[in-house]
Asks: 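Right, I'll just put the structure down here and ask away after.
Both backbone and side-chain heavy atoms feed into the values below; hydrogens, waters and symmetry mates do not. If you're wondering where the values come from, they're calculated on a predicted model, not measured in any experiment. Labels below follow one simple rule: chain letters A, B, ... track the order of the sequence lines, proteins then strands, and each chain is numbered from 1.
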Amino acid sequence: MHKENEVGALKIKHVRKSYGGTDILKGIDLEIDAGQFLILVGPSGCGKSTLLGLISGLEQTTSGEIWIGDRMVNNVAPKDRDIAMVFQSYALYPNMNVKQNIAFGMEMRNVPKAEQEQIIARVAKMLQIEHLLDRKPSQLSGGQRQRVAMGRALARNPGLFLFDEPLSNLDAKLRVEMRTEIKRLHERTKTTVVYVTHDQIEAMTLGDRIAVMKDGIIQQFGGPQDIYDNPANMFVAGFIGSPSMNFILSTVEKTQEGVGVKVESGNKQFVLPLRADAAAKLSSWVGKEIVFGIRPEQITGTVNIQQDNPHITKADCKVEIVEPTGPDTLTFINLNGKEAVCRVHPSEAKRPGERMQLAFDMSKAVFFDPSSEARVA
Amino acid sequence: MHKENEVGALKIKHVRKSYGGTDILKGIDLEIDAGQFLILVGPSGCGKSTLLGLISGLEQTTSGEIWIGDRMVNNVAPKDRDIAMVFQSYALYPNMNVKQNIAFGMEMRNVPKAEQEQIIARVAKMLQIEHLLDRKPSQLSGGQRQRVAMGRALARNPGLFLFDEPLSNLDAKLRVEMRTEIKRLHERTKTTVVYVTHDQIEAMTLGDRIAVMKDGIIQQFGGPQDIYDNPANMFVAGFIGSPSMNFILSTVEKTQEGVGVKVESGNKQFVLPLRADAAAKLSSWVGKEIVFGIRPEQITGTVNIQQDNPHITKADCKVEIVEPTGPDTLTFINLNGKEAVCRVHPSEAKRPGERMQLAFDMSKAVFFDPSSEARVA
Amino acid sequence: MSQPAAANYGSFDKWLPKLVLAPSFVLTLVFVYGFIIWNGYLSFTPSRILPNYEWAGLIQYERLFENERWWVAVKNLGIFGSLFMGVSMALGLLLAIFLDQKIRMEGALRTIYLYPMALSFIVTGTAWKWILNPGLGLEHLMHQWGFENFTFDWLVNTDMSIYTVVIAGVWQSSGFVMALFLAGLRGIDDSIIKAAQVDGASLPRIYWRIIVPCLRPVFFSTLMILAHLAIKSFDLVMALTSGGPGFSSDVPATFMYSMAFTRGQIGMGAASAMMMLATLAALVVPYLYSELRNSKHG
Amino acid sequence: MADTQNMTATATMPIAPSTTEGQSMSFITRWLPGPGRFILYAVLFTVAIYYLLPLYVMVTTSLKSMDEIREGNLLALPSAPGFAAWAKAWGEACTGVACDGLKGYFWNSVKMVVPSVILSTMLGAVNGYILSKWRFRGSEVIFAMMMFGVFLPLQVILLPMAQTLGWLGLAKSTTGLVFVHCVMGIASTTLFFRNYYVGIPDELIKAATLDGAGFWRIFFRIILPLSTPIIMVTTIWQFTQIWNDFLFGVVFSAGDSQPITVGLNNLANTSSSVKEYNVDMAAAIIAGLPTLFVYVVAGKYFVRGLTAGAVKG
Amino acid sequence: GEVEVLHWWTSGGEAKAAAELKKIMQSKGHTWKDFAVAGGAGDNAMTVLKSRVVSGNPPAAAQIKGPSIQEWGDEGVLANLNDVAKAEQWDTVLPKVVADVMKYKGNYVAAPVNVHRVNWLWVNPEVLKKAGAKVPTNWNEFFDTAEKLQKAGVVPLAHGGQAWQDATVFEAVALGLGGTDFYKKAFVQLDQATLKSPKMEEVLTTYKKLKKYVDKNSPGRDWNLATAMVIQGKAGMQIMGDWAKGEFLAANKVPGKDFVCTPAPGTSNAFTFNIDSFAMFKLSGDSAKAQKDLAAAIMSPQFQEVFNLNKGSIPARLNMDMAKFDDCGKQSSKDFVATSKSGGLLPSWAHGMAMYSATQGAIQDAISQFWNTDSMTAKQAVDKIAAAAKVR
Ligand SMILES: Nc1ncnc2c1ncn2[C@@H]1O[C@H](COP(=O)(O)OP(=O)(O)OP(=O)(O)O)[C@@H](O)[C@H]1O
Ligand SMILES: Nc1ncnc2c1ncn2[C@@H]1O[C@H](COP(=O)(O)OP(=O)(O)OP(=O)(O)O)[C@@H](O)[C@H]1O
Ligand SMILES: [Mg+2]
Ligand SMILES: [Mg+2]
């Protein structure tokens, strides 16, 4: 499964797409190198599947250009784009059994029979569907269908993989395994991949690059950690990360040490001091309202913390709701009249109504303009 | 949406189901009270959807009984079971637009027109599909279809809800919102729910009871935290929790302080002492091999830990792979020749190949018989 | 989907479907539209037993409109067409739905319903003629069984004879309609039926609200086919009543045939054909338009 | 018939054979209440009688002697059934100056019907495939134009078609007749296939396109295997239309290649000779046997749920 | 050469009769290509013929009769048979009335095969005897007889309600009441005055009176089923051409004893003929030669005899030996000769011998409508018929 030349680079220029009168994609620009792994994320209905459709050539762009390698492929037929795709709706051939479904693409490309068998065996093993090879799609469970759809793509050796939520119907365990398999595969073959997912972990762990979309527009395009740590705007900040970042509307205040944001919880007020760089940027905001964003994992219990972290401020808050998730307990508190989530170690967790000492780690806090929602620091 | 009497209790007695010659469900026994929220989890293809099919009456049991409230419903038609269901494959009516899809069930139950409108408006708002009401299913994205399927169920006021992975195609943010909505709804209406999901968080946060299935057999049935903390066997332990629990084959040894398990990582050996209760149970295993299970969040960096926890042992390990997920960085090390995952704070994370001081928290470690895979301590 | 699965790519791929469709299209153009034009021209000529290409203006239309028999034929087509199509459709759908209930002997019943199409009406018409004849068939039988007051003399009744054609027409065609619907029913994804069951719909309502609407394309096919049969109901009428008693059960097809071929009035035959086509176009074209526009989004 | 056996088997056994078909069909059945089911059967059988009545008359008449027909009751059973009329219809009845019965015509029909049905069905399948899955600007208009063609009265076609065939040098030949039937069948076969294919999800075509299959391979490997029911319907339709066609058969065939309907017509229609109804009826049944046969065979292939489970939504 | 012959004699005696012709042709070394198309008294055959002519492939000969020969002649597609006719002396062996039908603009284009007499009344004597009635010779007697039969519980007149049968009976009434001149003026010359005359109204009134004596199941009935009613004694009489004899003979009935053939009431001195003939189409080469031989063969006494014995009609040729024919045939032949001299030999318009098919069809429509519509008065019918007679 090795590709010689850099056929897989993908460039999308000013691409627009409308159905009837409605604009679905409103000017998409993207560029990844051959061998990169691009993740597309965005709310349901934002146009991710549509974008994959355009890349595959199954749908026609309304305007704009799509380049694969050094070819402008707008007028290249899908089958000549050297693409394998997993459809969100599976699209298994109902008349063929699992094996035939997987073999079909290879047959079309005249892969020798013996090699086909070998590849099918390998893919089936990897996807754990060996025992299903003789079944028809209608006799499969949802997750099994999805794996067959995956197998159909993996059996090929294309220049570009397109995956549309390929693991959404799998159980967590299998999903982790599949994710790792995909990662390995990608590391081995260095085939370019465009991958739609709603799973945060998939997005963060698989992607070289992430494009966050909303309403047919790319909101941010960058490396996973970069997007996580430095979201361009409130939408991206809120969308990436689960549970979502807490957004707290508060006022910037001058304090003895520098600048801070005023927070009130359960009738108690306190000021969270800003780190130096943020403080510098926000000096002009003193006295004004700002949205300050802090991720749940940055509000934790006081036990398991780096005690010497200078950015940590402790405060006493009232617990409103408690949700144990296993490794952590999500604890909901009220900050400036809005619910905020904190990630607390189960052993420290309190019950609703009780008060709790929480540590606010401001080293990664971000700040947004409340009207434009753009990042200011 | 309020039910007077306890119609929703569900009892499943020795239920079996086969397709052709293959047994899919091999004797399921379950019982939940009216108003409870039952989560079904299990690997893909284990029979979850099939079980929902039996409860709804759409499929016939091969043997066994299904009771809803105080009725044995084996011979009751689906429409008379007072059930609302979200299908894994959505099963939207292709000839109707979104609004009609949602209204259909109400119409069948002769809900007055005005009330229908009101309910549709409410459901559509909750699912954020107001702008899609006039579209046909073929014009929707995957996640939008799933929400319509959800809306169809929520518009009804049944005695029992059956949800088959109702949120799998939604983005994380929407998913959290929907999850919260479902939780609220359940708290308000106290309708009994059976809910299939692959999402760990959904399973842990929504369920009153969780049934873990494998190959048509229920492996464990209990409260969420209980299953997380006290898995009955290796399968459950590995299946619940993401990333999975690490299983390390090691030998039980007597140490000065009591009993411990011997672990080797990157040519260094160390012994992890057991907590008292486990030590007592494992006294007969001294010198024998055992599988010891420890969750990723119980192997962490040394900074953010409760320094006085007596069960914590620190050890120096070589980092093999590193996967940043945003809030945490998954760090893979080698324990007794097997890969193990640790959850490390991003700020502490090392790069592959480097060595790292890790804290093993043995307070929640579990132990299994390597041959029967049953829990021993 | 409003988009073609794949559209304008390499010029070959782009042209292939059009190329493959082209022969059929050309054949249609020549053999349908070419012939319509030819026929249209003939209707303006004084052609008698053979075509003749002299121009004669509207004379054939004038004669046609004065012809009482033509108007009877038109009225009969209206009665026959609507009843025949309505009843065949209803009966065919009903039978298909019933047969779809996992009936024992489905195969046998299906064949029974279908066989009338298999037999040529040249002779089954005779059998029907006997059955419907008051002196030989049903009425006679009922009298023999002691129901002296039973009368069923539509065949020999000028006002009712066209209805006997409906009976025989339905007999002949509804089985095929059943087959069309049955094939359609068996193509429907049953998960939506399941969903409807859970939604609380009873079986009849599931059919009425979900399945039947899903069969819309089949309805379209069926309607087209039945309309085609109704308009061409030539054998049927000839074999059963020959347009009689008198010309009370004449239809345009038989009218046209006797004018053009039996009576040596090709010009008038052509005029009647044109009138028929024009009427049909007025009825069918809007239907085609709406149906095809809808199907784009279907 | 294998399928009827199959059905009865599934009805009595709780476990259906490993087809999804058996499963999905049983759930509907099960909920139909007892009296409902009785009505269902009652309706089906009543209708069956309506359908069978003419056949009954034909069969009994064909087994009677002429004297019995002249005197007796149409609906009565034959007093001394005999196959003399059948033998005569098949091998002895006059259909012109030759008195060899229908057997010669029978094979003429077969020679004409088989290629016509195959060709027109194939054309229809391909056209339907294009008009549903490879639409292009104007394809709907082409389809509509083809549809309007079904309304063209046959009588209108006869003379121009004769002239055209004369020009093409196909007059009086079986080829010409096959040609006419194909041309006239295009509209209905296209209609059937196109409307069936509309229901097949476009995603399948997309998936196959990406798998590298082109226009024809998608057609043969994906679409055609899903088309069994509609192929059956179309075959039935075309087979009966062509087999029972009289007008084209008589006008465009040569004397020695006349199809069976012409033979039947010549045998049964007489201007001033003695009529032998028993022979007529036997001949009609003989003429209908191949179509009946096709129906029985084709009927087996209406299989449920071919596309079920392919796609979500 | 090869002769392709389009005809609609496909079954029973007709087919055997046609086979004779084939034999003769084969004995002359020609191949006979049979092109038989039955149905609708030649309607189907005409359709085929037109298509063939249009496609440029006409058969050598086609069964065309009466004024249709003129119509085809107008189209310029018929062959000239004058040389055969001269050699075989057709002008002398054929009655002038017959010969005229065979000619287009003075040239022979067709050859006659037989002559049917249409104005026959077929009677079951047994039934009449039981009812105490006698065989009617005029229309008044007919109604007496009918009345008696009706009282005796049998259907007086067996009739099949098809347009051509309606016309056949009407023709007989018109001839019986109006006489030969009236008939000629009305239906051959289509004289408007005659068609609108009170006589015509009387004819129609009488005609309609017959309906009382016909059973109500008659519409659509085939003529031979009507004949079967007479054979079985369910009915007393039938007005039908001489082909009905075949049915009686097939049922093993003996003429004169089991059934009686007599001229329709009031028409004993007239003879409405229906002549079957073959028109020849323009051909070239070998086939043209064979075509001439065919014409000669058709007119040969040998063929005329065999053919007509089979078909129940009489030869078109004069001076034939009628010994092998039965009584009905003999009487027919005698009347044919007699009426051809007396002027009582008349073309049967109901069988397409008197007018163009368009006209004939229109008049038939009017008559059938009158017969079937009880509310229609004779006066209205007269107007309709007169109007129909103008159709060309
Ligand atoms: N019609 C059928 N015939 C044969 N086997 C079937 C049929 N339907 C389902 N199965 C098998 O039954 C098993 C259970 O299927 P089911 O759909 O209940 O799984 P599931 O637990 O819902 O899986 P998933 O999480 O993937 O949706 C699967 O192995 C599947 O292949
Ligand atoms: N055929 C169509 N006609 C009109 N609108 C359409 C059509 N197909 C999709 N859309 C709309 O286009 C938008 C984008 O759809 P798309 O399938 O690309 O979303 P997505 O990002 O993949 O969402 P999901 O995560 O839910 O799958 C949606 O709002 C959808 O409703
Ligand atoms: Mg999508
Ligand atoms: Mg499932």
Side-chain angles (χ1 to χ4, degrees), chain B residues 49-50 52-60 76-97 100-111 134-140 145 148-164, chain C residues 1-7 89 93 96-98 100-103 180-223 287 290-298:
Chain B
S49 300
T50 306
L52 288 197
L54 298 181
I55 297 174
S56 66
L58 293 170
E59 307 276 344
Q60 290 228 255
V76 177
K79 72 181 174 69
D80 300 326
R81 293 191 184 188
D82 195 18
I83 279 173
M85 180 160 176
V86 176
F87 289 81
Q88 189 168 13
S89 57
Y90 320 146
L92 302 182
Y93 309 128
N95 55 313
M96 301 184 184
N97 66 23
Q100 291 161 334
N101 259 285
I102 297 177
F104 185 72
M106 292 190 280
E107 241 176 86
M108 292 302 113
R109 290 183 155 75
N110 302 319
V111 176
D134 293 330
R135 295 224 194 139
K136 288 276 175 75
S138 62
Q139 297 169 297
L140 299 178
R145 287 180 199 179
V148 176
M150 190 82 191
R152 210 164 50 175
L154 296 184
R156 296 248 324 272
N157 179 20
L160 180 58
F161 274 118
L162 304 178
F163 292 123
D164 201 347
Chain C
M1 296 276 157
S2 67
Q3 282 285 313
M89 200 91 135
L93 182 60
I97 290 176
F98 279 15
D100 200 31
Q101 304 305 316
K102 199 172 170 235
I103 290 296
L180 273 174
F181 279 122
L182 194 60
L185 283 177
R186 303 222 155 149
I188 290 182
D189 183 352
D190 37 56
S191 71
I192 57 176
I193 303 174
K194 294 185 182 183
Q197 284 188 304
V198 171
D199 261 348
S202 58
L203 199 56
R205 295 181 94 174
I206 294 180
Y207 273 101
W208 184 242
R209 294 293 307 280
I210 309 285
I211 300 184
V212 171
C214 283
L215 291 179
R216 197 184 164 117
V218 184
F219 270 96
F220 178 66
S221 306
T222 316
L223 219 68
Y287 174 63
S290 74
E291 193 59 37
L292 293 180
R293 212 191 37 176
N294 270 336
S295 72
K296 276 189 186 173
H297 307 290

Asks: Go through the structure and list residues passing side chain to side chain contact (heavy atoms under 4.5 Å, CB included) with C/Thr222, not counting sequence neighbours.
Replies: C/Met89, C/Val177, C/Leu180, C/Phe181, C/Val218, C/Leu226
Asks: Write down the atom of C/Ala201, the atom of B/Met108, and the distance for their closest heavy-atom approach.
Replies: CB-SD, 3.4 Å
Asks: Can you tell me how far apart CD1 (C/Ile192) and CG (B/Asn101) are? Round to the nearest 0.5 Å.
Replies: 9.5 Å
Asks: Considering only heavy atoms, which portion of B/Met106 lies under 4.5 Å from any heavy atom of chain C: side chain, backbone, both, or neither?
Replies: neither
Asks: Considering only NZ, NE, NH1 and NH2 on the basic side and carboxylate oxygens on the acidic side, decide whether B/Glu107 and C/Arg209 come within less than 4.0 Å.
Replies: yes
Asks: After noting the C-alpha distance and the side-chain angles of C/Leu203 and B/Lys79, does the key distance pass the side-chain contact (heavy atoms from CB on, under 4.5 Å) rule?
Replies: CA-CA 10 Å; C/Leu203 199 56; B/Lys79 72 181 174 69; over 6 Å; no
Asks: Measuring from C/Asp199:CG to B/Ile102:CD1, what's the distance to the nearest 0.5 Å?
Replies: 10.5 Å
Asks: Going by the rule side chain to side chain contact (heavy atoms under 4.5 Å, CB included), which residues pair with C/Ala195 if we only count those two or more places apart in sequence or in a different chain?
Replies: B/Phe87, B/Ala91, B/Tyr93, B/Arg152
Asks: Show the nearest heavy-atom pair for residues C/Val198 and B/Arg109, with the distance to one decimal.
Replies: O-NH1, 4.1 Å
